[in-house]
**Q** 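My structure is below; once you've seen it, I'll send some questions.
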Amino acid sequence: MDAEMNVRHLWKWGNKMARKSRYLEEKEREEGAGAVWRAALYIRLSREDGDKEESDSVANQRTLLTKFIEERPEMELSGYYIDDGWSGTNFDRPDFMRMMEDIRAKKVNCVIVKDLSRFGRNYIETGNYLEQIFPFLNVRFIAVNDMLDSVGNPGQMNTIMVPFKNLINDEYCRDISNKVKSSLDTKRKNGEFIGAFACYGYRKDPAHKGKLMVDEPAAKVVRMIYDSFLSGMGMLAIARKLNELGIPSPSAYKTKQGMAYHLPQKNQTQPLWQDRTIRRILTNQMYCGDLVQGKNRVLNYKIQRCRQVPKSEWMIVENTHEAVIEREAFEKVQELLKRDTRVAPSAGKVHLFAGFLKCADCGRAMNRRKNVHSYGTYEYYICSTYKQAKERCTRHTLRVDQLEEAVLKAIQIQVEQAADVAALLERFQRETKGKKAGFPFEEKLREKRAEAEKIKKFRESLYEDWKEEILTKEEYLSMKQSYQKQLEDLNAAIRRLEEEKKESAGSGMEKKNPFLVSFCRHKNIAALTREVLTELVDSILVHEGGEITIRFRFHEEKKALECMAEAASAQMVQNGQKPRLLPTP
């Protein structure tokens, strides 16, 4: 009985609310019939709309809406609200927001547009205004060409055609957005520059759209920044130096050149160089001659906000324009930026070994200290962990002058070895020129492959030995790991030999080997510089007692070269010659 009573109560209440709703609608129509409508004529045109039809032009929309209101004596013109060049995908438009302010101030109670697409192309937002906001504010809405009138013909506003048209208008924007995005991506892939402004050091080529050319005055400053950083100067010190010299920052330079560029800082006619500006220039691959675009992407066609894109998704096309910085110098700078090279603001210059030294035991960076005595002053390095907590590590102290001497000597030995290998390979290629017999890679490959097969068989037999209890589980796991490591090393050697075989046939590959190219460049090295360390050294491990281990760069390339040298030596011995190679230090 209670349930039946509740159903009857709800049914009566629903009928009552429906009658009340119909009464209010009829009353509103009666009052509206004799009311004076203060009309806002809203006009919108975006670039894609303007390219579509002449009838969507601002002038034609104004003429149509003005004629419409002149023919209706119950309406008076409150004002024109024009958003020229604004997309309909969102409602953050200047004149639309001004119109909404006038609506809330009771200056406007009727909005007239040419059609729904002029009002907006966002399906959700447009529906919200038509179904929620305007009815709540007692605003009459008229779309002339779509024959929609929320007061004159309210039934038409409630049909499925209105949301369907809004959905079509939304889809049009999505389609246009995808086409524009696809077109821009194609241009990026083809090496065309599509940005509004070229990066500092370049300018757009007026004769070739999408091409960049060097802007020499700015390019000279870029080179100065790279040279200063490679010489050991910190980024903050470089920025100070440029400000002291009175050189305009990139944003100030653009405005000085007459470009329509808006300064990021307000009320500042001459923005200064900052360390973050220096970092952006030092990490910009464009200076190598490569076109780097697509670093940021708009979220979608409705939300016009950018998000950063992972570097793996950037669009990079190499060698599209003249380089301002040599690629080798750019790569050296990137290596230095990876290192911990903090410097005191007062110092301005990075120390020679900053970012290279590590404690061999704890792996932490080494700290530089200075001792002043009556007999003189000397600098030394000490483990940073030991300085913080002595129980965690030992001192690992090493004097700076001794470190410089040891590293220089090690580099000189590597340079000698590289020069010796280069001479041997050059002699071998000269003597075998025109002959079919090149480096005996096949013989080496057979040896390595046979050895790998042998290791595989040993590894496979381990399982049976464990099951038959010849080996314990610990012995089985230990030997399996050892054989696996040997197999990985052999497979790596085989891959190197196969690559060398493919690339070395008469191509003078030893001249392209990075190990030889880099070390042979410093044949007469007599002093260390940060540029030399960056090019040749990966890291330096300091052991307790003052011993050091230097990890040189191009380790894999050196191994490949050793394979070539070993093969060449074997061939020369077979030919009755006596090759000479320096031992590996």
Side-chain angles (χ1 to χ4, degrees), residues 45-52 83-90 92-93 121 171-219 221-222 248-264 271 276-277 279-325 327 330 334:
L45 183 73
S46 62
R47 282 176 295 180
E48 60 268 22
D49 296 323
D51 293 338
K52 183 169 67 76
D83 284 317
D84 191 3
W86 290 84
S87 172
T89 54
N90 65 71
D92 297 330
R93 314 170 210 146
R121 289 188 181 276
E171 175 63 19
Y172 172 80
C173 260
R174 187 197 65 79
D175 184 56
I176 287 292
S177 174
N178 288 340
K179 288 178 179 176
V180 170
K181 190 181 294 184
S182 176
S183 174
L184 293 178
D185 283 347
T186 300
K187 288 183 177 181
R188 291 188 185 105
K189 289 175 183 176
N190 291 337
E192 295 182 43
F193 181 74
I194 62 170
F197 300 97
C199 65
Y200 183 72
Y202 288 99
R203 57 190 175 92
K204 292 183 177 181
D205 189 342
H208 300 89
K209 188 178 180 181
K211 295 292 182 182
L212 296 178
M213 57 190 300
V214 175
D215 183 10
E216 196 52 46
V221 178
V222 173
S249 65
S251 54
Y253 182 77
K254 287 186 178 75
T255 56
K256 190 176 180 182
Q257 294 296 310
M259 301 180 192
Y261 183 81
H262 300 289
L263 294 176
R276 61 177 178 270
T277 312
R279 177 174 284 276
R280 278 199 300 270
I281 289 175
L282 291 173
T283 55
N284 193 343
Q285 192 177 333
M286 297 275 281
Y287 295 120
C288 296
D290 301 340
L291 199 59
V292 183
Q293 298 183 104
K295 291 183 177 182
N296 299 290
R297 286 276 181 178
V298 175
L299 291 175
N300 58 53
Y301 68 99
K302 293 182 181 179
I303 304 174
Q304 298 297 312
R305 292 182 183 176
C306 287
R307 66 172 177 85
Q308 290 186 338
V309 173
K311 191 172 182 179
S312 59
E313 297 178 21
W314 293 359
M315 289 193 179
I316 303 176
V317 183
E318 296 184 352
N319 304 317
T320 59
H321 51 270
E322 183 183 348
V324 170
I325 301 297
R327 194 174 300 274
F330 178 80
Q334 306 321 299

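Starting from 1, each residue takes its place in the sequence as its number.
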**Q** With side chains defined as the heavy atoms from C-beta onward, is the minimum distance between Thr320 and Phe193 less than 4.5 Å?
**A** no

**Q** Is the count of non-hydrogen atoms from other residues, nucleotides or ligands lying under 6.0 Å from Arg327 atom CZ greater than 12?
**A** yes

**Q** Shortest non-hydrogen contact from Leu282 to Gln334?
**A** O-NE2, 2.8 Å

**Q** How many angstroms lie between atom CZ of Arg93 and atom CG of Asp84, to the nearest 0.5 angstrom?
**A** 12.5 Å

**Q** A quick test of your reading: do over 12 heavy atoms of other residues, nucleotides or ligands sit less than 6.0 Å from NZ of Lys256?
**A** no

**Q** From Gln257 CD over to Thr255 OG1, what is the distance, rounded to the nearest 0.5 angstrom?
**A** 9.0 Å

**Q** In this structure, which one of Met286, Glu322, Arg203 forms a side chain to side chain contact (heavy atoms under 4.5 Å, CB included) with Leu212?
**A** Met286

**Q** What I'd like to find out is whether the side chain of Asn190 reaches to under 4.5 Å of the side chain of Lys187, using heavy atoms alone.
**A** no

**Q** Heavy atoms, side chains only, cut-off 4.5 Å: are Met315 and Val309 in contact?
**A** no

**Q** What are the two closest non-hydrogen atoms of Pro271 and Ala252, and how far apart are they?
**A** CD-CB, 3.7 Å

**Q** With a 4.5 Å heavy-atom cut-off, do Lys254 and Pro248 have their side chains touching?
**A** no

**Q** So, for Gln293 and Glu192, which heavy atoms are closest and what is the spacing to 0.1 Å?
**A** NE2-O, 2.9 Å

**Q** Does atom CD of Glu216 have more than 12 heavy-atom neighbours from other groups under 6.0 Å away?
**A** yes

**Q** Can you tell if the side chain of His321 reaches within under 4.5 Å of the side chain of Asp205, non-hydrogen atoms only?
**A** no

**Q** Closest heavy-atom contact between Lys204 and Ala198?
**A** N-CB, 4.2 Å

**Q** Do Arg188 and Val317 touch side chain to side chain, with heavy atoms closer than 4.5 Å?
**A** no

**Q** Drop me the distance from Leu291's CG to Lys189's NZ, to the nearest 0.5 angstrom.
**A** 14.0 Å

**Q** Is there side-chain contact between Tyr253 and Asp215, with at least one heavy-atom pair below 4.5 Å?
**A** yes

**Q** Taking all non-hydrogen atoms of both residues into account, name the closest pair between Gln285 and Asp290 and its distance.
**A** NE2-OD2, 2.9 Å

**Q** Decide whether Tyr200 and Asn284 meet the rule of one side-chain donor and one side-chain acceptor closer than 3.5 Å.
**A** no

